[in-house]
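Here is the structure we will look at, set down as structure tokens.
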Amino acid sequence: MKQSLETFFNPKSIAVVGASKNPTKIGHASLKNILISDYPCRLYPVNPNEDEILGMKCYKKLTDIPNTIDLVMVSVPEVLVAQIIKDCVKKKVKWIIIITSGFSEIGNHEGEETIKKLVEGTGIRILGPNTMGYKNASDNLDVSFVFGMPRKGNLALISQSGALGMGMIYLANNEFVGLSKIIGVGNKIDIDDDDLVDYFSKDPDTKVIGLYIEGIRHGRDFMNSIKACDKPVLVVKAGRSAAGARATASHTGSMAGSDELYSAAIKQAGGIRCRDVVELFDMARALAGQPPAKGNRIGIITNGGGLGILLTDACEANGLTVPKLSLKTFKKIEKIVPGLVKPNNPVDLVADAGFYRYWASTLALLEDKNIDGIIVASVHAGYARPREYAGAILKMIHQQKLHHEYQKPILGCWVGGKEFEDLILDLKAVGVPIYPSSWRAARAMLALSLEGERVKREQGN
Ligand code: COA
């Protein structure tokens with residue numbers, strides 16, 4: 001029986017082995033990141049050559065520390081790792097994070113086997129080696145050697161690449177997508193994607209789970225975890241092409257496997273495969289901020305006919321449909337659109353559409369039982385007023401949250417420049433899913449529709 005990852009993400013005591021006074025060393029950054037976290041825990045630097053680091057008493061050996069230790073972070077060269085693991089066993093620690101590289105990613109499988117043997121039967125669980133560690137944004141704890149903390153939110157990210165994981169933090173911050181936790185799994189000799197999906201599926205701070213994967217060690221366990229998870233799981237699986245697969249082998253030592261098999265297995269388990277990390281964030285933003293779509297029938301509202309057609313094409317290309325309006329909705333919208341336009345789906349509100357046209361037509365589609373999700377689009381055409389468009393989206397999302405019968409997703413899509421960009425940032429900051437491309441908006445809507453299907457399956461209907 002594996003122990004829950006609860007104390008791994010919320011340890012009461014942490015030791016950093018290989019802590020250093022030298023600010024250029026990974027062991028220095030590791031210690032400092034924990035120290036500057038606003039998180040209550042006992043912290044112990046370990047280095048045989050120092051008495052004090054960053055104002056803290058430094059221990060020569062792990063076994064010299066008089067108190068119990070939940071988590072040990074290892075930042076010493078590969079040749080020293082086995083000895084440190086032996087000390088961890090003596091000290092009865094619960095969790096080890098091995099930052100050190102130089103294992104299976106360069107063909108050193110023996111080094112990993114040695115570590116696994118040393119902890120066999122002890123109950124100790126290991127993250128890594130070759131990992132960046134983790135950042136627990138929900139509880140303000142940074143157990144990694146890389147700088148930068150994510151905004152707090154409800155997307156949990158699991159990354160097999162440390163550098164990409166870090167890049168994803170900055171991208172998420174830029175995009176106003178908040179994270180609950182982000183973890184680099186590295187070479188996955190023990191703690192694996194399935195352990196983390198299981199944990200995050202129960203984590204109250206997490207609403208959506210995202211993974212960047214190069215290879216899967218225990219395919220069946222991983223797929224079972226996704227299947228059992230009652231939250232949306234987004235998967236970026238790298239190594240689609242033969243050349244990409246070659247690159248994954250030299251990056252984390254992973255075997256990429258058949259890409260079609262991965263796609264089919266992820267789909268069958270109920271996960272959603274994303275093309276890249278930008279798409280993962282697009283989908284995560286939609287899933288975290290909007291209810292799932294109960295079907296695939298999409299209503300499109302726009303002030304630019306061209307953007308409406310592009311959105312229609314993108315929806316249809318992704319397996320969504322853009323049905324004709326019912327007579328009842330047609331009549332409602334006829335009163336809203338200018339006389340020269342016949343109501344259709346996409347609903348064209350014409351270039352000068354202001355708050356009222358957007359608000360009233362979105363309301364009409366929310367009330368239409370034949371529509372499962374709505375994309376509200378705006379082009380910064382001459383007369384258009386972006387602020388009125390933004391105001392209408394905010395108002396509709398507010399009303400959608402108040403009325404149970406309006407529980408269908410609303411996404412935004414826009415084409416424009418600087419004036420729009422500032423408003424879009426305001427909308428993103430309050431969690432509105434809005435996209436600068438018809439394709440990205442349609443893919444985000446697809447994620448909501450797939451989530452709707454997953455929820456239906458979960459509820460048994
Ligand atoms: N216990 C504790 N500390 C020890 C030790 C022991 N038994 N033996 C040596 N140390 C100390 C060293 O003296 C040094 O401290 P100092 O700066 O005060 O001298 C510190 O541990 C680190 O050892 P050092 O030999 O200087 O190694 P390093 O810092 O150059 O490299 C790693 C260590 C782990 C960073 C490096 O081997 C590595 O793997 N780098 C890549 C990490 C990475 O990218 N991981 C994947 C991320 S996605």
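These numbers come from the heavy atoms of this one structure, side chains and all, not from hydrogens, waters or symmetry mates. One-based numbering, in listed order, for ligands and for the atoms of each. Source: prediction; values computed, not measured.
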Looking at Lys267, I'd like to know if its NZ atom is crowded, meaning that more than 12 non-hydrogen atoms belonging to other residues, nucleotides or ligands lie closer than 6.0 Å.
no
Against heavy atoms of Thr131, which atoms of ligand 1 measure under 4.0 Å?
46 (C), 47 (C), 48 (S)
Heteroatom distance test (Lys25, ligand 1): nitrogen or oxygen, under 3.5 angstrom:
yes
Which option out of Ser101, Ser75, Ser30 puts a heavy atom nearest to atom 39 (O) of ligand 1?
Ser101
So which protein heavy atom does atom 20 (C) of ligand 1 come closest to, and at what separation?
Gly18 O, 3.5 Å
In the complex you have, is atom 36 (C) of ligand 1 within reach of the protein, judged by whether a heavy-atom distance drops under 4.0 Å?
no
Taking atom CD of Glu421 as the centre, does the number of heavy atoms from other residues, nucleotides or ligands within less than 6.0 Å exceed 12?
yes
Using a 6.0 Å cut-off, check whether atom NZ of Lys91 has over 12 heavy atoms from anything other than its own residue.
yes
Under a 4.0 angstrom heavy-atom cut-off, which atoms of ligand 1 come close to Phe145?
47 (C)
Shortest non-hydrogen contact between Asp70 and Ser13, atoms and distance
N-OG, 3.0 Å
Does CZ belonging to Arg151 count more than 12 external heavy atoms closer than 6.0 Å?
yes
Among all protein heavy atoms, pick the one closest to atom 7 (N) of ligand 1 and tell me residue, atom and distance.
Ile84 CD1, 3.9 Å
Out of Asn49, Ile26, Val76, Ile53, indicate the one that has the non-hydrogen atom closest to atom 34 (C) of ligand 1.
Val76
To which of Ser159, Pro48, Ser20, Pro77 does the heavy atom nearest atom 10 (N) of ligand 1 belong?
Pro48
Of Asn47, Asn130, Val79, the one whose closest heavy atom lies nearest atom 46 (C) of ligand 1 is Asn130
Identify, by atom number and element, the atoms of ligand 1 in contact range of Val17, meaning under 4.0 Å from any of its heavy atoms.
1 (N), 2 (C)
Checking Asn173 side chain against Met149 main chain: does a donor-acceptor pair fall under 3.5 Å?
yes
Leu80: numbered ligand 1 atoms lying under 4.0 Å from its heavy atoms
8 (N), 9 (C)
Considering both backbone and side-chain atoms of Ile99, is one of its nitrogen or oxygen atoms within less than 3.5 Å of a nitrogen or oxygen in ligand 1?
yes
In terms of heavy-atom contacts, does NZ of Lys395 have more than 12 from other residues, nucleotides or ligands at under 6.0 Å?
no
If you count the atoms of ligand 1 from 1 in the order shown, which ones are under 4.0 Å from a heavy atom of Thr100?
34 (C), 39 (O)
Is the number of heavy atoms from other residues, nucleotides or ligands within 6.0 Å of NZ (Lys116) greater than 12?
yes
Let me have the donor-acceptor pairs involving side chains of residues 136-148, under 3.5 Å, with sequence neighbours excluded, atom names and distances please.
from, atom 1, to, atom 2, distance (Å)
Asn136, OD1, Ser138, N, 3.2
Asn136, OD1, Asp139, N, 3.0
Asn136, ND2, Phe9, O, 3.0
Asn136, ND2, Asp139, OD2, 2.9
Ser138, OG, Ser180, O, 3.2
Asp139, OD2, Asn10, ND2, 3.1
Asp142, OD1, Lys135, NZ, 3.2
Asp142, OD1, Ser144, N, 3.3
Asp142, OD1, Ser144, OG, 2.8
Asp142, OD2, Lys135, NZ, 2.9
Ser144, OG, Lys135, NZ, 3.0
Ser144, OG, Val146, O, 3.3

Ignoring hydrogens and angles, write down the donor-acceptor pairs under 3.5 Å from the side chains of residues 274-281, residues two or more places apart or on other chains.
from, atom 1, to, atom 2, distance (Å)
Asp276, OD1, Val278, N, 3.2
Asp276, OD1, Glu279, N, 2.9
Glu279, OE1, Arg443, NE, 3.0
Glu279, OE2, Arg275, N, 3.0
Glu279, OE2, Arg443, NE, 3.4
Glu279, OE2, Arg443, NH2, 2.9

Close-contact set for ligand 1 against Gly162 heavy atoms, below 4.0 Å:
48 (S)
